[in-house]
Amino acid sequence: MPVQVMIPTPLRKLTAEKEQVPASGSTVAEVIDDLEKNHAGIKERVLTPEGKAHRFILIFVNDEDIRFTDNLATPVKDGDTVSIVPAI
């Protein structure tokens, strides 16, 4: 069972309007890389060229803000939910 990624409305044009898509990886960074393989353009909208989350993007793993865990190195396992949330 892969990780489920919740896609915010502004990025759904990259996922054929799906609000949830599967992805693989053992860390948040790997999940985002896998998303990019299947949904080209999503990575640049989530991460800066330096490989950090844009300041206006929050990422959660099972409701835990990754800023308070290991950031993009936060581990994920099958069945987890990764949520990409635009900060307002």
Side-chain angles (χ1 to χ4, degrees):
M1 172 190 258
V3 172
Q4 293 300 313
V5 182
M6 303 302 294
I7 306 296
T9 303
L11 298 180
R12 290 184 190 159
K13 63 184 175 199
L14 301 170
T15 63
E17 300 302 326
K18 294 179 183 170
E19 71 177 71
Q20 184 173 311
V21 295
S24 298
S26 60
T27 65
V28 172
E30 290 177 6
V31 167
I32 292 171
D33 286 339
D34 191 56
L35 278 176
E36 180 65 21
K37 287 181 205 170
N38 298 306
H39 308 285
I42 202 163
K43 185 175 181 177
E44 68 186 34
R45 288 171 176 84
V46 175
L47 301 182
T48 66
E50 296 78 32
K52 297 181 180 182
H54 281 290
R55 61 185 174 88
F56 54 84
I57 296 286
L58 301 176
I59 302 172
F60 295 84
V61 174
N62 299 329
D63 300 322
E64 287 281 331
D65 188 334
I66 67 167
R67 294 176 301 167
F68 303 111
T69 57
D70 292 326
N71 225 327
L72 294 173
T74 299
V76 295
K77 59 188 181 312
D78 287 350
D80 281 351
T81 299
V82 174
S83 300
I84 300 170
V85 180
I88 49 174

> Would you name the heavy atoms of Pro8 and Pro86 that are closest together and state the gap between them?
CB-CD, 3.5 Å
> Is there side-chain contact between Ile7 and Lys18, with at least one heavy-atom pair below 4.5 Å?
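No, too far: nothing below the 4.5 Å cut-off.
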> Just checking Gln20: does its CD atom have more than 12 heavy atoms from other residues, nucleotides or ligands closer to it than 6.0 angstrom?
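Buried by this count: over 12 neighbours within 6.0 Å.
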> Under 3.5 Å, side chain of Gln4 to main-chain N/O of Gly79, donor-acceptor pair present?
no
> Nearest 0.5 Å please: distance from the CD1 atom of Ile66 over to the OG atom of Ser83.
11.0 Å
> Check Thr15 against His39 and note the closest heavy-atom contact, atom names and distance.
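Shortest heavy-atom separation between Thr15 and His39 comes out as CA-ND1, 3.7 Å.
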> Once you round to the nearest 0.5 Å, how far does CD1 of Ile42 lie from NZ of Lys37?
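One gets 14.5 Å once the value is rounded to the nearest 0.5 Å.
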> Counting C-beta onward and ignoring hydrogens, is there a side-chain heavy-atom pair between Leu72 and Ile32 closer than 4.5 Å?
yes
> Find out whether Arg45 and Leu14 are in side-chain contact, i.e. whether some heavy atom of one side chain is under 4.5 Å from a heavy atom of the other.
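Side-chain contact under 4.5 Å: yes.
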> For the atom pair NE2 (His54) and CD1 (Ile59), what is the distance rounded to the nearest 0.5 Å?
10.0 Å
> To the closest 0.5 Å, what do you measure between OG1 (Thr74) and CZ (Phe68)?
11.5 Å
> Hey, are the side chains of Arg67 and Leu58 touching, using non-hydrogen atoms and a 4.5 Å cut-off?
yes
> Which heavy-atom pair separates Val61 from Pro75 by the least distance, and what is that distance?
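The pair with the smallest heavy-atom distance is CG1-O, 4.3 Å.
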> Can you measure from OG1 (Thr27) to CG (Asp33) and round to the nearest 0.5 angstrom?
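The OG1 atom of Thr27 sits 8.0 Å away from the CG atom of Asp33.
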> Hey, which of Val31, Thr81, Asp34 is the one that makes side-chain contact (heavy atoms from CB on, under 4.5 Å) with Val5?
Val31
> Would Val46 and Leu11 count as a side-chain contact (heavy atoms from CB on, under 4.5 Å) if you check the C-alpha gap in whole Å, the side-chain angles of each, and the deciding distance to 0.1 Å?
CA-CA 9 Å; Val46 175; Leu11 298 180; 4.0 Å; yes
> Would you call Leu35 and Ile84 a side-chain contact if the rule is heavy atoms closer than 4.5 Å?
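The answer is yes; the side chains approach within 4.5 Å.
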> Determine whether Val76 and Val82 make a side-chain contact, defined as any pair of heavy atoms from C-beta on separated by less than 4.5 Å.
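Counting from C-beta outward, Val76 and Val82 do come under 4.5 Å.
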